[in-house]
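Structure first, commentary second.
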Amino acid sequence: MNLKRFARPVGLAVPFLAAVALAVWIFDPPELPDLSLEEDIDRHKVLNSWQLGDMVVLVRHLERCDRSESPCLDGRDGITARSVDVGVELSEEFYQLGVDRAAVYNSPMTRTDQTADILFGGYSSDRDWLNKCRKSDSLLKDVMHFKQPGKNLVLITHSTCIARFEEALGFSSDTPDYGTSIFLTTEPGVKHPRILGFLDVGDWDRVFGVPDTLLLPGLDLPAVGVLP
């Protein structure tokens, strides 16, 4: 057999197949992983990334009142009264992780400001760039600028900002539910954060409720689920 004659068509096919794969990625980008459905090892990555201070979490605000028939908490430009219980549940989850391990910022709009008050009280502070990202592709750049080494970054923002952020990282931009959290990890010397997946409010215990004995070895960490 003439191997040279056989190798040439194969060599020509490799760039073609790579181009097809790239086109599929661009025109049909992957969806974010649902962390509540992932294997234990993937959940461990989230836990340990938080403990190391390498985590970025994007949180969509709670239910906005101007798009609901439910009573408002305080003003049509804010959130619904019924979303407070959801926010309290989510707040407990964050405090169990350890809010002292994070810097927390929110968009100054009423619905995000109210969400931040319920989730973090006075621990969160307004940042205008978390509002401006609704009309620009600036969020990815801002995240990398404000992320401090060894300190997690939690951002309460808008679905439009989250969509632009996901698209910038090559993922599809389905609108997240109210209160959904998207987890990313940062690494020294890496230009962009890496998306680990998302969690809806009711699914946190399936990931962060695992026993501390299941954490990856080599880290002297407090038990998950204990308030700081």
Side-chain angles (χ1 to χ4, degrees), residues 17-50 52-64 67 90 93-94 97 102-107 109 111-112 115 119 127 129-148 152-204 206-208:
L17 293 175
V20 170
L22 179 61
V24 170
W25 177 276
I26 292 174
F27 293 106
D28 188 21
E31 296 181 353
L32 266 64
D34 183 344
L35 289 173
S36 69
L37 305 177
E38 296 298 300
E39 299 296 330
D40 282 343
I41 189 63
D42 296 302
R43 301 176 187 182
H44 297 163
K45 291 177 183 177
V46 177
L47 285 166
N48 287 299
S49 183
W50 180 272
L52 292 170
D54 293 337
M55 185 73 72
V56 176
V57 187
L58 305 180
V59 184
R60 189 189 180 193
H61 58 78
L62 299 174
E63 183 182 36
R64 55 187 294 177
R67 294 185 180 177
L90 185 56
E93 300 290 0
F94 271 110
L97 275 181
V104 185
Y105 303 130
N106 61 271
S107 163
M109 294 192 71
R111 57 184 177 271
T112 41
T115 299
L119 266 59
R127 290 294 185 272
W129 48 271
L130 284 170
N131 178 29
K132 291 180 178 179
C133 59
R134 294 186 303 147
K135 299 182 179 180
S136 70
D137 295 324
S138 59
L139 185 56
L140 178 57
K141 179 181 178 180
D142 288 331
V143 163
M144 298 308 294
H145 177 74
F146 289 103
K147 173 67 175 69
Q148 304 171 37
N152 299 306
L153 182 63
V154 180
L155 306 174
I156 299 96
T157 186
H158 308 271
S159 59
T160 49
C161 294
I162 293 173
R164 291 175 181 269
F165 188 92
E166 292 173 357
E167 290 171 353
L169 293 176
F171 286 84
S172 62
S173 56
D174 295 337
T175 301
D177 292 337
Y178 293 116
T180 291
S181 301
I182 296 167
F183 295 84
L184 309 99
T185 185
T186 57
E187 300 174 4
V190 177
K191 186 177 181 181
H192 296 312
R194 179 169 58 89
I195 288 182
L196 297 177
F198 74 91
L199 274 179
D200 292 327
V201 176
D203 291 333
W204 277 62
R206 299 182 64 181
V207 175
F208 297 113

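Keep in mind that the numbers below use all heavy atoms, side chains included, and drop hydrogens, waters and symmetry copies.
Residues Asn106 and Leu119 form no side-chain contact, since every pair of their non-hydrogen atoms from C-beta on lies 4.5 Å or further apart. Inter-residue side-chain proximity for Leu169 and Leu140 is flagged as met; some heavy-atom pair is nearer than 4.5 Å. Between Leu130 and Leu139, some side-chain heavy-atom pair lies under the 4.5 Å cut-off. Residues Ser181 and Phe94 meet the side-chain proximity criterion, which asks for heavy atoms closer than 4.5 Å. Using a 4.5 Å heavy-atom cutoff, the side chains of Thr157 and Arg134 are not in contact. With a 4.5 Å cut-off on side-chain heavy atoms, Phe171 and Pro30 count as touching. Contact annotation: the side chain of Phe165 approaches that of Leu184 to within less than 4.5 Å [non-hydrogen atoms, C-beta and beyond]. In this structure, Ile162 and Pro176 have side chains that are in contact, with non-hydrogen atoms separated by less than 4.5 Å.
To the nearest 0.5 Å, the span separating NZ on Lys141 from OG on Ser138 amounts to 8.5 Å. Interatomic distance, Asp142 CG to Ser136 OG, rounded to the nearest 0.5 Å: 7.5 Å. Between the CZ atom of Phe183 and the CG atom of Leu47 there is a distance of 9.5 Å, given to the nearest 0.5 Å. Here His61 contributes atom NE2 and Cys161 contributes atom SG; the two are 9.0 Å apart, rounded to the nearest 0.5 Å. Going from atom CZ of Phe198 over to atom CG of Asp34 covers 4.0 Å, rounded to the nearest 0.5 Å.
Between the side chain of Thr186 and the main chain of Asp54, a donor-acceptor pair closer than 3.5 Å is present. Formation of a donor-acceptor pair under 3.5 Å by the Asp203 side chain with backbone atoms of Leu199 is not found in this model. Using a distance-only test at 3.5 Å, with no hydrogens or angles considered, no donor-acceptor pair links the side chain of Thr185 to the main chain of Arg194.
Nearest heavy atom pair, residue Glu166 against residue Ser172, reads OE1-O, 2.9 Å. The two residues Trp204 and Glu93 come nearest to each other via the heavy atoms CE3-CB, 3.3 Å. Closest heavy-atom contact between Met144 and Pro193: SD-CD, 3.3 Å. The two residues Ser159 and Arg60 come nearest to each other via the heavy atoms CB-NE, 3.5 Å. A pairwise comparison of heavy atoms in Tyr178 and Arg64 identifies OH-CG, 3.3 Å as the closest pair. Val46 approaches Met55 most closely through the heavy-atom pair O-CE, 3.2 Å.
In the displayed structure, Glu31 atom CD is contacted under 6.0 Å by at most 12 heavy atoms of other residues, nucleotides or ligands.
Ring orientation note: the planes of Tyr105 and Trp129 are nearly perpendicular, at an angle over 60° on the 30°/60° scale.
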Kindly determine whether Thr112 and His158 satisfy side-chain contact (heavy atoms from CB on, under 4.5 Å), including the steps that lead there.
CA-CA 8 Å; Thr112 41; His158 308 271; 3.5 Å; yes
